[in-house]
Amino acid sequence: MYALVDCNNFYASCERVFNPALNGKPVVVLSNNDGCVIARSQEAKDIGIAMGVPAYQVEPLIKTHNVAVFSSNYQLYGNMSERVHATLAEFAPELEIYSIDEVFIRLSGMENFDLKQFGTKVVRTTTKNTGIPVSMGIAPTKTLAKLANRFAKKNKGYKGVCLIDTDEKRIKALQLTEVADIWGIGRQTAKKLAKVGVKTAFEFTQLPRAWVRKNMTVVGEKTWCELHGEPCIELETVPPDKQQICTSRSFGKMVEDLPTLTEAVSTYASICARKLRNQKSCAATLMVFIHTNNFREDLPQYFKNSIVHLPVATSSSLEISQYAIRELERIYLPNYLYKKAGVIILEIVPETSVQGNLFDTVDRDKHKRLMKAVDQLSDRFGKDKMKLASQGNGQKWKLRQEKLSPCYSTKISDIITVKL
DNA sequence: TCTGGGGTCCTAGGACCC
DNA sequence: TCTGGGGTCCTAGGACCC
């Protein structure tokens with residue numbers, strides 16, 4: 001059996017842990033640049049604030065209902081996420097950290113346990129230890145565990161735990177669920193299924209397997225099998241190394257000049273390089289892209305990217321940033337208002353198997369030592385304390401984060417500020 | 001005024017090989 | 001009249017997830 005533990009309204013719950021005055025009140029968290037609503041407390045959902053809407057469109061609702069609004073604070077959420085994992089790890093040895101707010105657990109060797117009781121204990125302990133309310137779905141496959149989790153959340157009577165352990169419960173759950181709400185069935189597939197008269201998850205499972213294979217590829221076929229109770233999607237206890245790494249942001253204000261864009265691109269390149277070093281890899285290809293604001297139909301538009309293959313794979317911020325800036329200079333055109341830029345690194349290989357180059361002139365050992373020192377300093381004093389000169393100070397392009405909460409759990413300076 | 005960011009997997013089709 | 005067969009690799013694009 002598998003369990004899926006999912007934190008309820010995760011980002012909104014994180015904000016509440018350190019600010020209990022918000023309990024019982026509507027809370028929303030916004031995406032980067034304070035753009036869209038990406039998390040809502042139950043109260044915020046109840047007054048009709050939809051997921052993903054631009055914040056300015058729900059401004060009247062926010063005012064009328066006195067909704068607490070926060071910029072996203074990933075340092076806080078990441079740390080709270082780690083606390084949830086730590087508690088769960090005490091209950092089970094095999095965890096898959098599926099996302100910042102979801103964990104799959106393999107429940108092996110528990111045949112003689114009362115799983116419902118076990119689940120209730122996990123849910124209660126996690127909430128008690130971290131302050132974050134969680135729900136748990138338990139079933140024979142990951143897809144069914146996801147489904148069970150939906151019921152655990154939606155239905156108060158379950159008290160946060162839903163167990164699908166018989167065929168009867170499985171079929172009942174499938175009948176009560178729209179196929180579009182199944183994990184792995186997206187909008188396009190749901191549309192296709194509607195055309196052949198399939199609305200519920202149960203109806204989907206009644207389609208012939210061959211039809212599913214033909215029309216929905218092996219991916220759909222796996223979902224079909226999992227809904228029948230046959231596990232096809234393995235637990236991934238060790239996260240695989242990333243095959244591509246991307247850092248991109250929209251700017252707080254539109255940017256026109258090359259020097260400012262250069263600061264941003266250099267910063268994104270450095271962040272990519274750090275992510276690369278964290279997984280002990282190097283990359284041999286790099287792409288830079290810039291584009292204007294495509295919501296502004298009244299302005300001239302320009303979307304462009306540029307790819308470069310490096311002579312030797314690297315994870316040095318200096319090198320990656322240099323190449324990124326060079327590509328930016330190739331694609332930059334004046335007289336456009338840019339809204340977003342990004343750096344993507346590809347062709348990622350383990351740092352232990354980098355292919356050398358006879359004509360290499362870079363002192364790679366030196367770079368490595370330097371990066372190690374920089375990373376240690378960043379970990380100790382904050383990631384923005386030491387950077388390349390080309391990154392500038394970020395004043396002209398940084399994110400808009402007008403409603404940022406303090407990093408209660410990670411930064412001492414913030415805690416002191418709060419107390420004052 | 002204002003509209004997020006970061007990933008993975010699969011398939012089809014073209015280029016190329018012997 | 002007639003023009004093989006069997007592969008691999010790469011890329012772009014679509015679909016999905018949080």
Side-chain angles (χ1 to χ4, degrees), chain A residues 4-7 9-11 28-39 50-60 62 69-74 77-78 81 96-104 142-143 146 149 179-193 212-223 226 232-234 236 239-254 264 268 271-272 275-276 278-279 285 287 289 291-299 305 307 309 337 339-348 399-403:
Chain A
L4 174 70
V5 177
D6 186 321
C7 302
N9 315 322
F10 183 54
Y11 298 168
V28 299
V29 177
L30 305 179
S31 62
N32 275 343
N33 265 321
D34 297 344
C36 298
V37 172
I38 53 167
M51 182 66 177
V53 289
Y56 72 93
Q57 286 177 8
V58 287
E59 194 60 40
I62 287 173
V69 179
F70 292 93
S71 304
S72 31
N73 183 344
Y74 290 106
Y77 311 150
S81 177
E96 171 184 342
I97 297 168
Y98 178 65
S99 75
I100 195 164
D101 71 333
E102 288 176 60
V103 177
F104 282 106
K142 286 168 83 175
T143 308
K146 274 277 220 182
N149 189 274
V179 70
D181 293 329
I182 294 295
W183 185 47
I185 307 283
R187 227 180 304 168
Q188 301 306 318
T189 311
K191 225 189 274 178
K192 200 188 281 183
L193 288 169
V212 174
R213 168 75 203 217
K214 181 156 179 267
N215 292 279
M216 296 169 58
T217 79
V218 294
V219 184
E221 192 184 14
K222 277 186 185 173
T223 300
E226 286 243 323
C232 294
I233 306 173
E234 251 305 299
E236 270 182 4
D241 280 347
K242 301 214 181 313
Q243 299 173 41
Q244 58 177 58
I245 290 172
C246 169
T247 305
S248 76
R249 301 278 185 280
S250 300
F251 306 131
K253 287 183 219 148
M254 300 225 254
Y268 303 157
I271 297 173
C272 278
K275 293 178 185 169
L276 204 49
N278 281 349
Q279 70 168 40
T285 300
M287 177 167 115
F289 67 85
H291 62 73
T292 50
N293 185 347
N294 61 340
F295 289 105
R296 290 292 299 271
E297 289 170 4
D298 54 322
L299 295 176
N305 66 54
I307 294 184
H309 294 271
L337 291 172
K339 180 63 178 170
K340 185 170 178 174
V343 174
I344 303 174
I345 47 186
L346 310 138
E347 273 195 82
I348 293 174
L399 291 177
R400 193 167 46 239
Q401 290 183 306
E402 289 170 355
K403 290 152 182 174

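Labels below follow one simple rule: chain letters A, B, ... track the order of the sequence lines, proteins then strands, and each chain is numbered from 1.
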Within the structure shown, what part of the strands sits under 4.0 Å from [X] by heavy-atom distance: base, sugar-phosphate, or nothing?
X: A:Ile245; value: sugar-phosphate
X: A:Ile307; value: nothing
X: A:Thr247; value: sugar-phosphate
X: A:Asp101; value: sugar-phosphate
X: A:Asn33; value: nothing
X: A:Ile185; value: sugar-phosphate
X: A:Lys191; value: nothing
X: A:Glu59; value: nothing

Produce the list of close N/O pairs, under 3.5 Å, pairing protein atoms with atoms of nucleotides 9-13 of chain B; give distances to one decimal.
unit_1 : atom_1 : unit_2   : atom_2 : d
B:dC9  : OP2    : A:Gln243 : NE2    : 3.3

Results of side-chain contact (heavy atoms from CB on, under 4.5 Å) for [X] - residues two or more places apart only:
X: A:Ala39; answer: A:Tyr11, A:Val29
X: A:Ser71; answer: A:Asp34, A:Gln401, A:Lys403, A:Leu404
X: A:Val219; answer: A:Thr217
X: A:Glu297; answer: none

Point to revise | Sidechain-backbone polar pair: A:Ser81 side chain, A:Ile100 backbone, donor-acceptor under 3.5 Å | key: yes
Check your understanding: Just by distance, do the side chain of A:Lys192 and the backbone of A:Asn215 share a donor-acceptor pair under 3.5 Å?
Key -> yes
Practice item. Between A:Tyr56 and A:Pro240, just flag the one whose closest nucleotide in DNA chain B comes earlier from the 5' side. Key: A:Tyr56
Less than 4.0 angstrom between a side-chain N/O of [X] and OP1 or OP2 of [N], yes or no?
X: A:Lys340; N: B:dG5; answer: yes
X: A:Arg400; N: B:dT1; answer: no
X: A:Lys339; N: B:dG4; answer: no
X: A:Thr189; N: C:dC16; answer: yes

For the pair made of [atom1] in [X] and [atom2] in [N], what is the distance, rounded to whole Å?
X: A:Met51; N: B:dG5; atom1: CE; atom2: P; result: 14 Å
X: A:Tyr77; N: C:dC18; atom1: OH; atom2: C1'; result: 15 Å
X: A:Phe295; N: B:dT1; atom1: CZ; atom2: C1'; result: 14 Å
X: A:Gln244; N: B:dG5; atom1: CD; atom2: P; result: 16 Å
X: A:Lys192; N: C:dG14; atom1: NZ; atom2: C1'; result: 10 Å
X: A:Arg296; N: B:dT1; atom1: CZ; atom2: P; result: 8 Å
X: A:Phe104; N: C:dC18; atom1: CZ; atom2: P; result: 9 Å
X: A:Arg187; N: C:dA15; atom1: CZ; atom2: C1'; result: 11 Å

Exercise for review: Would you work out how much the helix from B:dG5-C:dC18 to B:dC18-C:dG5 bends between its ends, with each end axis defined by five base pairs, to 10 degrees?
Suggested key: 0°
Practice item. Report the relative orientation of the aromatic rings in A:Phe289 and A:His291; use parallel for angles under 30°, tilted for 30 to 60°, perpendicular for over 60°. Key: parallel
The side chain of [X] lies closest to which of these nucleotides: [options]?
X: A:Ser248; options: C:dA15, C:dC18, B:dG6; value: B:dG6
X: A:Ser31; options: B:dG4, B:dT3, C:dC18; value: B:dG4
X: A:Gln188; options: B:dT3, B:dG6, C:dC16; value: C:dC16
X: A:Lys275; options: B:dG5, B:dT3, B:dG6; value: B:dG6
X: A:Ser250; options: B:dT3, B:dG4, B:dG6; value: B:dG4

Let me have the donor-acceptor pairs involving side chains of residues 244-254 of chain A, under 3.5 Å, with sequence neighbours excluded, atom names and distances please.
unit_1   : atom_1 : unit_2   : atom_2 : d
A:Thr247 : OG1    : A:Lys275 : NZ     : 3.1

Check your understanding: How would you list, by chain and number, every residue that makes a salt bridge (Lys or Arg N to Asp or Glu O under 4.0 Å) with A:Glu59, sequence neighbours excluded?
Key -> A:Lys63
**Study point:** Partners passing salt bridge (Lys or Arg N to Asp or Glu O under 4.0 Å) against A:Glu221 (at least two apart in sequence or in another chain)
**Key:**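 Here the qualifying residues are A:Arg209, A:Arg213.
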Review point. If you measure from the Lys or Arg side-chain nitrogens to the Asp or Glu carboxylate oxygens, is any gap between A:Glu234 and A:Lys142 under 4.0 Å?
Key: no
